[in-house]
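In the text below, chain A, chain B and the rest are named by the order of the sequence lines, each starting its count at 1.
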Number of protein chains: 2
Amino acid sequence: MSVSDIGAERALVDRWHGLLACHAAVWGALERELQSRHGIGVSEFEALEGLAGCGHDKCRAAELAEAVHLSQSATSRLTARLERAGLVQRAMCDVDRRGIFVLLTEKGRDLYEAARPTHREVLAEALPGTEQAVGL
Amino acid sequence: MSVSDIGAERALVDRWHGLLACHAAVWGALERELQSRHGIGVSEFEALEGLAGCGHDKCRAAELAEAVHLSQSATSRLTARLERAGLVQRAMCDVDRRGIFVLLTEKGRDLYEAARPTHREVLAEALPGTEQAVGL
DNA sequence: AGACATCTAATGCCAACGCATTTAATGAAG
DNA sequence: CTTCATTAAATGCGTTGGCATTAGATGTCT
């Protein structure tokens with residue numbers, strides 16, 4: 001392994017640790033603020049955002065899983081939590097009765113609109129700019 | 001809110017989503033490879049790395065918590081797992097008998113040395129370079 | 001039509017986390 | 001020396017997550 005390879009490895013690992021630190025800091029701050037001000041967690045918020053940022057309601061559980069970066073099972077339970085809280089509604093999918101549609105309720109949309117400024121505010125404060133993020 | 005503010009908010013949120021996606025992808029890949037090839041998870045590896053990259057053993061549970069970005073309680077249990085696996089050892093701290101030192105055993109160091117190439121390999125493959133990371 | 005591989009989402013089960021609390025040690029104040 | 005606030009780490013408890021499995025639906029092949 002050459003000297004420059006060692007340097008490259010260092011840089012790679014440093015970038016990873018930077019990412020971990022940044023993720024932990026921002027996630028933690030979001031969790032704290034979203035939970036205390038609106039009673040939801042980060043995953044819940046990301047799910048609402050995914051649903052809000054679509055057609056006008058939205059659909060397919062599988063798409064939601066991709067949006068929130070969770071497993072299929074975790075997404076199913078997340079949907080169940082949101083449904084219990086009255087924020088989303090599950091609906092049968094006519095064209096494929098195995099699948100379901102998840103749609104935002106009015107309450108869900110309202111909560112999302114209310115929580116979004118908090119979310120953006122925390123990001124603006126806790127998410128380092130590009131320069132810092134890449135460790136230059 | 002001005003047009004450029006909207007653009008800035010978009011950029012901020014995009015950066016966050018990019019970070020989430022990257023974190024999920026790399027963490028997932030690391031978890032899979034470290035688990036299947038060496039029988040440890042990402043947190044375990046990061047703990048071993050934190051311990052290895054210090055004096056020559058290492059210490060203080062609180063420092064470890066910071067290194068792995070976990071809560072105090074989670075770090076305590078992580079240490080317990082590593083100890084059960086024979087990878088670390090807890091030792092009394094003479095100067096402050098409330099605290100403990102966590103030190104790498106020989107087995108722990110060997111496993112770390114064995115797992116490190118896997119770790120670096122996964123990072124090299126899954127961690128996007130600076131350009132992609134910032135979405136340019 | 002009937003049998004079978006495939007796919008979607010839900011659920012059982014267990015591991016790992018965080019918060020709150022507990023236990024024990026320290027250090028400062030009376 | 002005793003008391004009390006503070007600190008370090010461990011533990012009880014509830015929540016969330018992933019893996020494996022299950023139940024139900026689809027569609028392909030004969």
Side-chain angles (χ1 to χ4, degrees), chain A residues 20 23-36 39-47 51 58-85 87-103, chain B residues 20 23-36 39-47 51 58-85 87-103:
Chain A
L20 286 175
H23 179 271
V26 177
W27 186 280
L30 280 175
E31 189 71 40
R32 204 171 334 109
E33 296 306 315
L34 289 174
Q35 195 61 251
S36 67
I40 57 172
V42 181
S43 294
E44 281 77 8
F45 179 85
E46 295 292 340
L51 293 170
K58 210 187 145 180
C59 53
R60 294 317 286 261
E63 294 174 47
L64 194 55
E66 194 176 336
V68 295
H69 303 295
L70 286 179
S71 69
Q72 179 269 317
S73 67
T75 304
S76 175
R77 294 179 211 273
L78 172 58
T79 303
R81 286 200 296 279
L82 292 172
E83 191 176 41
R84 251 180 277 130
L87 302 173
V88 305
Q89 199 174 339
R90 278 189 244 233
M92 285 297 168
C93 179
D94 296 3
V95 289
D96 182 347
R97 281 159 50 203
R98 291 169 300 186
I100 61 163
F101 286 97
V102 182
L103 27 162
Chain B
L20 285 175
H23 179 271
V26 177
W27 187 281
L30 280 175
E31 190 71 40
R32 205 171 333 111
E33 296 306 316
L34 289 174
Q35 196 61 252
S36 67
I40 57 173
V42 181
S43 294
E44 280 77 9
F45 179 86
E46 296 291 340
L51 292 170
K58 208 188 151 181
C59 53
R60 294 317 286 261
E63 295 173 47
L64 194 56
E66 195 176 336
V68 295
H69 303 295
L70 285 178
S71 69
Q72 180 268 317
S73 67
T75 304
S76 175
R77 293 178 209 273
L78 172 59
T79 303
R81 286 199 297 279
L82 292 172
E83 192 176 41
R84 248 180 280 131
L87 302 174
V88 306
Q89 198 175 340
R90 278 189 244 233
M92 285 298 169
C93 179
D94 296 3
V95 290
D96 183 347
R97 282 157 53 203
R98 291 168 302 185
I100 61 163
F101 286 97
V102 182
L103 28 160

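- Phosphate proximity of C/dA9 to A/R97: absent, as no side-chain N or O sits under 4.0 Å from OP1 or OP2.
- To the nearest angstrom, P of C/dC17 lies 9 Å from CD of B/E31.
- B/S76 places no side-chain N or O within donor-acceptor distance of the main-chain N or O of B/Q72, the cut-off being under 3.5 Å.
- One interatomic measurement links the two molecules: CD of B/Q35 to P of D/dC19, which rounds to 10 Å at whole-angstrom precision.
- One atom, CD of B/E66, and another, P of D/dA9, lie 13 Å apart when rounded to the nearest Å.
- Atom CD of A/E46 is separated from atom C1' of D/dG17 by 17 Å (rounded to the nearest Å).
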Using atom names, set out every protein N or O paired with an N or O of nucleotides 10-13 of chain C below 3.5 Å, distance rounded to 0.1 Å.
residue, atom, partner, partner atom, Å
C/dA10, OP1, A/R90, NH1, 2.5
C/dA10, OP2, A/S76, OG, 2.7
C/dA10, OP2, A/R90, NH1, 3.3
C/dA10, N7, A/Q72, NE2, 2.8
C/dA10, N6, A/Q72, OE1, 2.9
C/dG12, N7, A/R77, NH2, 3.2
C/dG12, O6, A/R77, NH2, 2.5
C/dC13, N4, A/R77, NH2, 3.1

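- A heavy-atom distance below 4.5 Å is not found between the side chains of A/L51 and A/L103.
- Atom CZ in A/R98 sits roughly 15 Å away from atom C1' in D/dT22 (whole-Å rounding).
- If you check C/dA16, D/dT7, D/dG17 against the side chain of B/R81, the one that comes closest is C/dA16.
- Counting heavy atoms from C-beta on, the side chains of B/R90 and B/T79 come closer than 4.5 Å.
- Using a 4.0 Å heavy-atom cutoff across all strands shown, A/A62 reaches sugar-phosphate atoms only and no base atom.
- Two residues are said to be in side-chain contact when any heavy atoms from C-beta on lie closer than 4.5 Å; A/R81 and A/R84 meet this criterion.
- Take A/R77 and apply the salt bridge (Lys or Arg N to Asp or Glu O under 4.0 Å) test, not counting sequence neighbours, and it matches no residue.
- As a whole-Å value, the separation of A/L82 CG from D/dT16 P is 10 Å.
- Contact of the A/T75 side chain with the A/V68 side chain is registered, since non-hydrogen atoms from C-beta on lie closer than 4.5 Å.
- Spacing between atom CD of A/E44 and atom P of D/dT15 amounts to 13 Å, rounded to whole angstrom units.
- Residues B/V102 and B/Q89 are not in side-chain contact: their nearest non-hydrogen atoms beyond the backbone lie 4.5 Å or more apart.
- The residue among A/L78 and A/D94 whose nearest nucleotide of DNA chain D lies closer to the 5′ end is A/L78.
- Residue B/R60 contributes atom CZ, which lies 7 Å from atom C1' of D/dA8 at whole-angstrom precision.
- When the nucleotides D/dG17, C/dA24, D/dT26 are ranked by their closest atom to the side chain of A/L70, D/dG17 comes out on top.
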